[in-house]
Structures are given as C-alpha cells and as structure tokens.
Amino acid sequence: MRYWLMKSEPDEVSIDDALAAPRQTVAWTGVRNYQARNFMRDAMQVGDGVLFYHSSCPEPGIAGLAEVVSTSYPDETQFDPKSPYYDPKATRETPRWMLVDVRATKKTRLVSLAELRAAPELAGMQVLQRGNRLSITPVSPAEWKFICKKLIG
DNA sequence: GCCAACGTTGGC
DNA sequence: GCCAACGTTGGC
C-alpha cells in the first residue's frame with residue numbers, strides 16, 4: 001500500500017467532476033512525462049491512496065481523497081490524432097503512455113499549497129521541493145497520516 | 001503575463 | 001554523448 005499525490009487541472013477534471021463520474025472513477029489521461037508514467041506503470045497498485053490536487057488554478061492545493069482502482073493500461077488518447085495528447089510515435093503494438101483508473105472517495109476542504117508549505121512535518125514532501133514539476137509524486141506514510149489527520153480531519 | 005525550473009529534441 | 005535551443009509546467 002503506497003500513497004501518491006496526483007495533480008489535475010480543475011478546468012480539465014476537478015474533484016467534483018471525478019465524484020460525478022460513473023463509479024466516481026476517471027481514467028488518468030494525459031500524462032506525458034516518463035517519470036510520472038513509470039509511477040503509474042510500475043509502482044501503483046490497486047488500493048493505493050491518492051491526494052487529489054488541483055493545479056494551475058486560482059487556489060492550488062489538495063481538494064480531495066481518492067484511490068487507485070486499476071492496474072495500468074494504455075492511455076487511449078495517445079492513439080487519437082484529434083486528441084491534444086496524441087503521440088504519433090505511439091502504436092497499439094508498442095504503446096508509450098500508460099495510465100490507471102482513479103476513484104474519488106471524498107471531497108475535502110481545500111488544503112492550500114501555502115498551508116502545505118507552512119507545515120514543518122511536510123518539509124520533505126516531494127511535491128513541495130524546489131522546481132518540482134512532476135504531476136504524480138510519492139507521498140510517505142507519515143506525510144499521508146499528517147495530512148489526513150491534521151489538515152483534513 | 002512573467003519567469004524559474006526542468007524535460008525533450010536534434011545537430012554535431 | 002554533449003549541449004544549446006526550445007517547449008512545458010505551474011505558482012505568482
């Protein structure tokens with residue numbers, strides 16, 4: 001059982017959108033970074049905990065909780081020439097981009113980026129490190145517990 | 001809109 | 001394999 005922080009632009013898929021989806025589940029499409037892909041492909045397991053983070057928006061921060069509900073499989077958008085996520089180098093025989101399904105479990109109060117940065121307990125959190133741009137980052141059990149208990153309640 | 005930071009591309 | 005140029009992310 002591992003824990004992750006996954007960024008989503010709320011204009012694309014917000015926590016409300018995820019909760020409103022069938023089975024509260026969305027396919028995590030559009031990741032086009034190898035490190036983030038590798039986390040989904042190689043490290044994620046069904047049941048892993050997810051902090052659902054809103055990025056590139058007026059109030060960036062953790063907006064909800066979710067869980068991984070599938071193993072990885074090819075991201076369909078890489079094969080679709082009309083998709084903004086189309087990758088001409090990907091084929092169905094050798095897909096390049098993999099994703100998992102994520103089920104939203106709870107909308108929380110917005111725990112802002114500033115609030116996360118203000119907590120000494122979270123100083124080592126990967127998403128808070130200088131220059132971090134990864135859209136998926138691991139979260140330690142201690143960080144997960146602290147965020148769930150102290151910040152979300 | 002700005003810009004720091006980082007990833008990717010492609011010439012050599 | 002190096003590295004400059006370019007593109008993207010994402011907070012502010």
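Please read all numbers here as calculations on a predicted model, not as lab measurements. The figures that follow rest on heavy atoms only: side chains count, while hydrogens, waters and symmetry mates do not.
The NE2-P distance, from A/His54 to C/dT9, rounds to 18 Å in whole Å. With rounding to whole Å, A/Arg133 atom CZ is found 9 Å from B/dT8 atom P. As a whole-Å value, the separation of A/Arg96 CZ from B/dG7 C1' is 14 Å. Following rounding to the nearest Å, A/Glu9 (CD) and C/dT9 (C1') show an atom-to-atom distance of 9 Å. Between A/Glu12 atom CD and C/dT8 atom P the separation is 15 Å, expressed in whole Å. We find that CH2 of A/Trp97 is positioned 10 Å from C1' of B/dG7, with the value rounded to whole Å. A straight line from CD1 of A/Ile136 to C1' of B/dG7 spans 16 Å, rounded to a whole angstrom. As a whole-Å value, the separation of A/Glu59 CD from C/dG11 P is 12 Å.
With sequence neighbours excluded, the residues satisfying ring pair (Phe, Tyr, Trp, His ring centres under 6.0 Å) with A/Tyr34 are A/Trp97.
The phosphate of C/dG10 has OP1 or OP2 within less than 4.0 Å of a side-chain N or O from A/Lys7. Residue A/Tyr53 has a polar side-chain atom (N or O) positioned under 4.0 Å from OP1 or OP2 of C/dG11.
Remark: A/Tyr34, A/Gln35 in residues 26-35 of chain A come within less than 4.0 Å of DNA chain B through at least one heavy atom.
The hydrophobic cluster of A/Val69 has no other members, since no ILVMFWY side-chain heavy atom comes under 4.5 Å of it.
Sorted by first and then second residue, the side-chain hydrogen bond (donor to acceptor under 3.5 Å, both in side chains) pairs with a member in residues 23-33 of chain A read A/Arg32-A/Asp75, A/Arg32-A/Thr77; sequence neighbours excluded.
The CG atom of A/Leu19 lies 9.0 Å from the CZ atom of A/Arg103; values are rounded to the nearest 0.5 Å.
Applying side-chain contact (heavy atoms from CB on, under 4.5 Å) to A/Val127 and the options A/Glu143, A/Lys7, A/Arg133 leaves one that passes, A/Lys7.
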Considering only distance and modelled atom types, tabulate donor-acceptor pairs under 3.5 Å from the side chains of residues 43-52 of chain A, sequence neighbours left out.
unit_1	atom_1	unit_2	atom_2	d
A/Asp48	OD1	A/Arg2	N	3.0
A/Asp48	OD2	A/Trp4	NE1	2.9
A/Asp48	OD2	A/Gln45	N	3.0

Please set out all donor-acceptor pairs under 3.5 angstrom arising from side-chain atoms of residues 145-153 of chain A, sequence neighbours excluded.
none

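The side chain of A/Lys89 lies closest to B/dT9 when the candidates are B/dT9, C/dG11, C/dT9.
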